[in-house]
Amino acid sequence: KQEVTQIPAALSVPEGENLVLNCSFTDSAIYNLQWFRQDPGKGLTSLLLIQSSQREQTSGRLNASLDKSSGRSTLYIAASQPGDSATYLCAVEPGGNNRLAFGKGNQVVVIP
Amino acid sequence: GAGVSQTPSNKVTEKGKYVELRCDPISGHTALYWYRQSLGQGPEFLIYFQGTGAADDSGLPNDRFFAVRPEGSVSTLKIQRTERGDSAVYLCASSLNSGNEQFFGPGTRLTVL
């Protein structure tokens, strides 16, 4: 069974600092990996999707890397802003079964 | 519509009652997924539809849970004889095809008293 772990569970950073969020997964045979943002009481907003053949994806201030062989992904958020405060969820799609396996999330607070 | 929509946004029911939760996927998306999220946890997979058929229902916790997608678009998650442990946020997602990026709805918060 695929296990997804996100460290740290929670962190606070001052505005302007870069954020580094880590995700690890136990089975490297994944089809893709997706990062989501979740605001309190809301659904999930897709941030980035990395296919298994890719090493990274970028969107604006966000960059996600994937190292499939070591079972790791990192989400970088440059020059953090208070509006980046949210829970960030990492999810992997194990090869062939079309379901996402989620971590518990990184709860981020950006202090103005 | 522009995104995945779910109704109702909140549902409060009594133990033993029957509930239905509805999901409207993004137009043209053939794959539809249901997940359940408890407080402080990541979402957990329940069931996946490709078109009208349930391609994988292995995440449904027991036979009180059932889902349909009769016309390959809207889906309904049905829970019989609800229990307090069923209280959670039920999330629906859709993707263009299986294996593509999944887009989530706002969820339905179910509370069983």
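These numbers come from a predicted model, not from an experiment. Just so it is clear: chains get the letters A, B, ... in the order the sequence lines come, proteins before strands, and each one is counted from 1.
- Grouping the Ile, Leu, Val, Met, Phe, Trp and Tyr side chains by contacts below 4.5 angstrom, directly or via other members, places A:I77 with A:L33.
- No more than 12 heavy-atom neighbours from other residues, nucleotides or ligands sit within 6.0 angstrom of CD on B:E44.
- One N or O on the side chain of A:Q34 and one on the backbone of B:Q102 form a donor-acceptor pair closer than 3.5 Å.
- For the atom pair CG (B:L46) and CZ (A:R99), the distance works out to 9.5 Å, reported to the nearest 0.5 Å.
- Separation of atoms OG1 (A:T45) and CZ (B:F103) is listed at 10.5 Å; rounding is to 0.5 Å.
- Only the side chain of A:Q38 comes within contact range of chain B, with at least one heavy atom under 4.5 Å from a heavy atom of that chain.
- Only the side chain of B:Q37 comes within less than 4.5 Å of a heavy atom in chain A; its backbone stays farther off.
- Closest approach of A:L89 and B:P43 over heavy atoms only: CD1-CD, 4.3 Å.
- Within a 6.0 Å radius of CG in B:L39, no more than 12 heavy atoms belonging to other residues, nucleotides or ligands are found.
- Counting heavy-atom neighbours within 6.0 Å of B:Q50 CD, excluding the residue itself, gives a total above 12.
- By the 6.0 Å contact criterion, CZ on B:F65 is enclosed, its count of non-hydrogen atoms from other residues, nucleotides or ligands being greater than 12.
- Looking only at distances, no side-chain donor or acceptor of B:Y33 sits under 3.5 Å from a matching main-chain atom of A:L100.
- With a 4.5 Å cut-off on non-hydrogen atoms, B:S58 touches chain A through its backbone and its side chain both.
- The environment of NZ in A:K104 is sparse: at most 12 heavy-atom neighbours from other residues, nucleotides or ligands sit within 6.0 Å.
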